[in-house]
Amino acid sequence: MRQRLASRSNLTLTLMAMVLGLVLAWQLKGPHASPPVGYAPGDPRDRAVNAIKQLEDEQAALKASIVRLRTELAASQSQMAADTDRLQRFAADLDAQRVATGLTAVRGPGVVVTLDDSSMRSVPASSDPNILIIHEYDLRDVINVLWLAGAEAISVNDERIVGNTSVYCVGSTVMVNTTRLSPPYVIHALGEPATLAETLRNPAYLVMLRQKVERYGIKLQVAQVSKLTLPAYTGGFSVRHCSLP
């Protein structure tokens with residue numbers, strides 16, 4: 001009797017060991033392997049396997065989302081860098097245009113040209129007394145020669161010369177940018193000082209002005225300087241509108 005009970009006990013232990021071995025082997029193979037014989041779907045282990053599978057799926061989805069977001073971030077950063085580069089180029093072009101149009105004060109080397117009326121009180125009866133004063137065309141001639149010599153910016157008595165500047169005369173008064181000026185007229189021009197000065201002294205230019213200097217004492221002085229400051233243009237710009245066909 002005892003031998004029969006012992007035999008049955010050993011058989012039961014052997015069967016339990018086999019089932020346990022099959023379960024362990026199935027778990028090692030992964031959640032997609034076929035369940036062992038005797039495995040119940042409602043077993044807590046089944047719920048654990050399903051939970052692990054769900055977490056793995058969520059992890060895969062998160063990884064895919066991270067990859068997508070990194071790609072979008074890289075594209076956004078690239079676009080931002082391109083926009084920043086374009087903005088910097090636009091700002092540089094705008095600054096250059098502001099300088100070119102005289103809307104910005106500028107500094108640098110250049111020349112100072114001083115024009116003043118003659119100190120003579122009278123002229124021969126056959127001469128026009130207006131020959132003793134500086135006229136608007138004298139200023140225009142000097143300004144044009146300076147532009148010709150490569151001047152980068154010019155001002156007359158702190159009035160910046162720009163594209164729409166007018167230099168004209170009302171009676172004996174010189175007007176620049178609608179501002180009334182009086183002698184002496186001090187012209188500042190930025191550029192290579194030696195080149196500007198040599199061009200102004202070239203006898204081929206300013207012929208009439210040189211004649212007045214020699215004959216009637218009109219004052220014309222040219223000085224090279226290492227540092228000049230020209231103010232910004234403060235006037236307005238006329239805007240013309242045209243209708244499109």
Side-chain angles (χ1 to χ4, degrees), residues 85 87-120 131-169 172-237:
D85 185 59
L87 182 60
Q88 290 176 344
R89 292 200 304 270
F90 176 76
D93 292 342
L94 181 60
D95 289 341
Q97 291 300 321
R98 287 175 61 85
V99 172
T101 55
L103 296 177
T104 303
V106 290
R107 299 174 180 83
V111 296
V112 177
V113 183
T114 303
L115 293 172
D116 201 357
D117 296 341
S118 172
S119 58
M120 295 177 59
I131 205 71
L132 300 178
I133 63 175
I134 296 294
H135 293 275
E136 82 285 355
Y137 52 80
D138 297 317
L139 290 175
R140 285 200 298 265
D141 289 345
V142 173
I143 291 171
N144 289 334
V145 171
L146 288 170
W147 288 132
L148 179 66
E152 300 172 6
I154 300 175
S155 67
V156 180
N157 287 15
D158 291 332
E159 282 293 326
R160 184 74 173 268
I161 305 299
V162 296
N164 67 335
T165 292
S166 58
V167 180
Y168 60 99
C169 188
S172 59
T173 300
V174 173
M175 305 287 291
V176 176
N177 291 334
T178 69
T179 300
R180 184 173 64 87
L181 304 183
S182 59
Y185 304 103
V186 181
I187 303 174
H188 289 175
L190 259 59
E192 175 57 40
T195 301
L196 297 178
E198 289 174 4
T199 305
L200 287 171
R201 296 185 180 114
N202 189 326
Y205 304 117
L206 305 177
V207 176
M208 294 180 59
L209 181 58
R210 294 181 193 283
Q211 292 177 353
K212 293 197 293 183
V213 170
E214 295 173 0
R215 297 177 184 178
Y216 304 106
I218 290 292
K219 296 180 177 62
L220 170 62
Q221 298 175 341
V222 179
Q224 301 181 40
V225 294
S226 59
K227 291 182 180 180
L228 278 177
T229 300
L230 275 63
Y233 174 68
T234 58
F237 291 95

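Minimum interatomic distance between S182 and N157 (heavy atoms only, all atoms of both residues): O-ND2, 3.4 Å. Heavy-atom minimum distance, T195 versus A149: CG2-O, 3.7 Å. Annotation for D117 and P183: closest pair OD2-CG, 3.4 Å, computed over non-hydrogen atoms. Here the closest non-hydrogen pair linking T114 and P184 is CG2-CB, 4.2 Å. For the residue pair M120 and R215, the shortest heavy atom distance occurs at SD-O, 4.2 Å. Considering all non-hydrogen atoms of both residues, I154 and I187 come closest at CG2-CG2, 3.8 Å.
Side-chain contact between V176 and I161 is present, with heavy atoms from C-beta onward closer than 4.5 Å.
Note that CG of L220 and CD of E214 are 10.5 Å apart. Values are rounded to the nearest 0.5 Å. Here the CD1 atom belonging to I218 is positioned 8.5 Å from the CG atom belonging to L115, to the nearest 0.5 angstrom. Atoms CD1 and OH, from I143 and Y137 in turn, are 15.0 Å apart once rounded to the nearest 0.5 Å. Separating the NE2 atom in H135 from the CZ atom in R140 is a distance of 11.5 Å, to the nearest 0.5 Å. Distance NE2/H188 to CD/E159: 13.5 Å, rounded to 0.5 Å. Taking CG of L190 as the reference point, atom CG of L228 lies at 5.5 Å (rounded to 0.5 Å).
In terms of modelled atom types and a separation under 3.5 Å, the side chain of D138 and the main chain of I134 share no donor-acceptor contact. Side-chain atoms of S226 never come within 3.5 Å of backbone atoms of P109 as a donor-acceptor pair (strictly under, hydrogens ignored). In this structure, R160 contributes its side chain and P231 its backbone to a donor-acceptor pair below 3.5 Å. Within the 3.5 Å criterion, the main-chain N or O of A204 finds a donor-acceptor partner in the side chain of N202. In this structure, R107 contributes its side chain and K227 its backbone to no donor-acceptor pair below 3.5 Å. A side-chain donor-acceptor contact under 3.5 Å links R210 to the backbone of Y205. Side chain of D116 to main chain of K219: no donor-acceptor pair is present (N/O by atom type, distance under 3.5 Å, no hydrogens or angles).
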| request: Please lay out, stage by stage, how V111 and L146 fare under the test side chain to side chain contact (heavy atoms under 4.5 Å, CB included). | output: CA-CA 10 Å; V111 296; L146 288 170; 4.1 Å; yes
| request: Determine, step by step, whether V156 and V186 satisfy the side chain to side chain contact (heavy atoms under 4.5 Å, CB included) criterion, reporting the C-alpha distance in whole Å, the side-chain angles of both residues, the deciding distance to 0.1 Å, and the verdict. | output: CA-CA 6 Å; V156 180; V186 181; over 6 Å; no
| message | The test is side chain to side chain contact (heavy atoms under 4.5 Å, CB included); show your working for I131 and K212 and say whether it passes. | response | CA-CA 7 Å; I131 205 71; K212 293 197 293 183; 3.5 Å; yes
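Screening N144, L200, T199, V213 against L206 for a side chain to side chain contact (heavy atoms under 4.5 Å, CB included) leaves a single residue, L200. Of the residues V145, D141, V142, the one that meets the side chain to side chain contact (heavy atoms under 4.5 Å, CB included) test with L209 is V142.
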